[in-house]
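What follows is one structure encoded as structure tokens, with my remarks underneath.
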There are 2 protein chains.
Amino acid sequence: MARILSGNRKQFIIEEAGQLFREKGYTAASMRDLAERVGVEAASLYNHIKSKDELLREICFRVAHEYVSHLSQTEQMEATYAEKVRALLRMHIAIITHDISAVSVANNEWKHLPEPYLSEFTHIRRDYERRFAALIQKGIEAGEFRPVNPKIALFTLLAAVRWVEIWYKPGREISPQTLERDIETILIHGLTQATAP
Amino acid sequence: MARILSGNRKQFIIEEAGQLFREKGYTAASMRDLAERVGVEAASLYNHIKSKDELLREICFRVAHEYVSHLSQTEQMEATYAEKVRALLRMHIAIITHDISAVSVANNEWKHLPEPYLSEFTHIRRDYERRFAALIQKGIEAGEFRPVNPKIALFTLLAAVRWVEIWYKPGREISPQTLERDIETILIHGLTQATAP
DNA sequence: GAGATAGGCAAACGCTTGTTAGTTTTGTGC
DNA sequence: GCACAAAACTAACAAGCGTTTGCCTATCTC
């Protein structure tokens, strides 16, 4: 019985797992919960996947690689550092708004990855942060950014776009465009009006 | 046998629970894990507490009430809206850096509260956000802040200080003072240098 | 010193967990 | 309409969960 084309069955399970893990958390979500969503008995899931943590792995690493590949593209852009940072902020918001469950799981449930995947994941993330911070550092040196600690700036930016994942629901009163514009305004130009140079 | 004064025994358990829940997550942390940290068998914990979720409740609501009481004080300050918002940002950073485990649990594990506590908690938080957003709204009307969506501004600010909880460890290379100053600079004045008014 | 009490312990409870084994149903190609 | 494979099912497993019970022993009170 293949109600959905056979190759897609696993992907469907991973998608449902993403939503379930986001709602209840990885540990609190049981395979029987997942099976119910998929419309099957728990044992049947194992015809398609090897284990529960394979699901977590697939989700976390897919998201991680998406972020990294966009960062690589941005690094190679011909643009000012301010433009690169703006592009990365927009990229974050775009990925979050169109793949919210997976991003949420990758952000909040990665610590339940078993070794050696946990180490690999944190390594990828640390590398991402290091490269992003380097862009900010160079922007400061070029006089484009205020002379703040680059790590603090990095995490302030990343966190500020991360809340979108916690809070955003498609079809809410605020459009992705407004979201993007206002967050960018605050982070790049500040909340307060410029009064004196 | 009271190795620690009897009244403090429960508080000690709650503190250890906070650290454990932060590290492993509420669901993944077992009472046997907690017992080991406390230096006792799991059954003995029940001489001091009623249940596992009593621990979660105590942590979440203590943090919630701390935030709310500071907000009330700030609302009554005689100051500009920009000053009030800055005061709240400093307050957030201060609470996080001196009670990091509890804040982390309240931020990340609250969804495992059983009803009716879950509803009560989300109600308190929503009320907090509403009142904070009102300050930003008035700041915009007074011309102190840029004309952005107040909700977006609110969540951008809250998220930007929340990362401190995820990342901050006491005794790291960055001092709380630098932290406070740089985050405030970015959020209030923006990352980019002002070039033209 | 007697009695009360607080707080520890071992053992067990009923339940849920992820996962496996073995079997049966379903869909596909000839 | 038969054979093969994919994918479902039922039943069960060992382990771990939060929690209760009953008992034992230190420590404090009078």
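Quick note on labels: first sequence line is chain A, next is B, and so on, each numbered from 1. Everything numeric in this text was worked out from a predicted model, so none of it was measured.
Contact annotation for Ser30(A): backbone-only contact, meaning every heavy-atom pair under 4.0 Å involves sugar-phosphate atoms and none involves a base. Looking at heavy-atom distances under 4.0 Å, Ala35(B) makes no contact with the nucleic acid at all.
For Ala43(B), counting side-chain heavy atoms from C-beta on, the closest listed nucleotide (dT19(D), dA21(C), dT20(D)) is dT20(D). Closest approach to the Ser44(A) side chain among dC9(C), dG18(C), dC9(D) is made by dC9(D) (side chain taken as heavy atoms from C-beta onward). If you check dT21(D), dG18(D), dA7(D) against the side chain of His48(A), the one that comes closest is dA7(D).
Between Leu34(A) atom CG and dT19(C) atom P there is a gap of 11 Å when expressed in whole angstrom units. Computed from coordinates, the Phe12(B) CZ to dA6(C) P distance equals 21 Å when rounded to whole Å. His112(A) has its NE2 atom 13 Å from the P atom of dG18(C), to the nearest Å. Between Ile49(A) atom CD1 and dA6(D) atom C1' the separation is 16 Å, expressed in whole Å. With rounding to whole Å, Leu20(A) atom CG is found 14 Å from dG18(C) atom C1'. When rounded to the nearest whole Å, the span between CD of Glu36(B) and P of dG18(D) equals 14 Å. One can place NZ of Lys52(A) at 15 Å from P of dT20(C), the figure rounded to the nearest angstrom. The OH atom of Tyr46(B) sits 17 Å away from the P atom of dA10(C) (whole-angstrom rounding).
Within 6.0 Å of NZ on Lys151(B) lie no more than 12 heavy atoms contributed by other residues, nucleotides or ligands.
Side-chain contact of Ser101(A) with Gln19(A): a donor-acceptor pair under 3.5 Å is absent, judged by distance alone.
Using a 30° and 60° split on the angle between ring planes, His92(B) and Tyr67(B) fall in the tilted class, from 30° to 60°.
Here Arg131(A) pairs with Asp127(A) in a salt bridge; the nearest charged N to carboxylate O distance falls below 4.0 Å.
Residue side chain Asn47(A) reaches the base of dA8(D) through a donor-acceptor N/O pair under 3.5 Å, judged by distance alone. The base of dG18(C) is paired with the side chain of Arg32(A) by a donor and an acceptor separated by under 3.5 Å.
Judged by the 6.0 Å and 45° rule, Lys111(B) forms no cation-pi pair with Phe121(B).
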